[in-house]
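Have a look at the structure below, then the notes.
All residue numbers refer to positions in the sequence shown, counting from 1.
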Amino acid sequence: MTNLAEIGRFLRQARKDRAMTASELALKAGVSRNTLGALEAGRGNVELNTLLALLRTLELEMQFVPQAVAALTRGDIDTRFTGLQEEVDSLMPRSRRSPQARPIR
């Protein structure tokens with residue numbers, strides 16, 4: 001993820017995957033509903049502590065990886081012939097797997 005809009009979309013999907021309302025997540029994470037709404041919409045300037053609280057509540061963690069590695073997890077690079085994408089996919093939660101591994105919605 002490289003921008004606030006992508007982070008917001010990811011958080012919204014993670015929340016929905018856990019069948020949580022925005023109000024429930026905000027309450028459990030100790031943040032305001034308006035702050036969560038702005039973040040999920042890709043607006044505002046969220047504090048790191050707020051983002052970390054939301055991730056903890058969703059049982060997720062933030063990791064810093066080289067961009068080349070991040071591209072593999074997004075499926076930006078064709079790795080079908082190396083087997084690397086399958087290995088990366090096997091290590092990732094279902095909601096983070098490459099587009100090739102996700103069912104079409």
Side-chain angles (χ1 to χ4, degrees):
M1 287 174 265
T2 60
N3 61 54
L4 190 56
E6 289 177 356
I7 292 170
R9 282 190 298 272
F10 177 79
L11 284 175
R12 177 179 282 133
Q13 188 58 54
R15 173 178 60 76
K16 288 181 176 187
D17 288 348
R18 288 155 181 79
M20 294 178 75
T21 67
S23 295
E24 289 171 327
L25 175 57
L27 181 65
K28 289 179 180 182
V31 303
S32 79
R33 172 62 185 88
N34 289 340
T35 298
L36 176 59
L39 176 57
E40 285 188 352
R43 297 186 318 266
N45 187 12
V46 67
E47 290 186 15
L48 181 58
N49 285 334
T50 300
L51 179 58
L52 292 173
L54 292 165
L55 292 173
R56 268 192 307 276
T57 304
L58 293 168
E59 297 180 346
L60 298 170
E61 67 179 42
M62 183 169 42
Q63 295 182 359
F64 296 93
V65 297
Q67 289 179 344
V69 172
L72 290 173
T73 65
R74 287 190 306 268
D76 292 350
I77 297 172
D78 188 358
T79 57
R80 287 177 289 181
F81 301 109
T82 66
L84 183 56
Q85 188 62 54
E86 289 82 10
E87 184 175 343
V88 169
D89 282 343
S90 73
L91 299 171
M92 300 296 289
R94 182 168 294 293
S95 65
R96 292 292 315 256
R97 292 185 182 173
S98 70
Q100 299 96 316
R102 288 188 194 143
I104 297 174
R105 296 180 207 185

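When all heavy atoms are compared, the tightest approach of Ala53 to Ala29 is CB-O, 3.6 Å. Residues Ala19 and Glu24 come closest through the heavy atom pair O-OE1, 4.0 Å.
Atom OG1 of residue Thr57 and atom CZ of residue Arg18 lie 10.5 Å apart, to the nearest 0.5 angstrom. Separating the CG atom in Leu11 from the CG atom in Leu55 is a distance of 5.5 Å, to the nearest 0.5 Å. Arg56 contributes atom CZ, which lies 10.0 Å from atom CE of Met62 (distance to the nearest 0.5 angstrom). Atoms CG and CG, from Leu36 and Leu27 in turn, are 11.5 Å apart once rounded to the nearest 0.5 Å.
Met20 is listed as a side-chain neighbour of Leu58, based on a closest heavy-atom distance under 4.5 Å.
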Tabulate below the donor-acceptor pairs under 3.5 Å that side-chain atoms of residues 37-52 make, not counting sequence neighbours, or state none.
{"from": "Glu40", "atom 1": "OE1", "to": "Arg12", "atom 2": "NE", "distance (Å)": "3.4"}
{"from": "Glu40", "atom 1": "OE1", "to": "Arg15", "atom 2": "NH2", "distance (Å)": "3.0"}
{"from": "Glu40", "atom 1": "OE2", "to": "Arg15", "atom 2": "NE", "distance (Å)": "2.7"}

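Every side-chain contact (heavy atoms from CB on, under 4.5 Å) that Ala5 has, sequence neighbours left out, goes to Asn3, Arg9. For the side-chain hydrogen bond (donor to acceptor under 3.5 Å, both in side chains) test, no residue two or more places apart in sequence or in another chain qualifies with Ser23.
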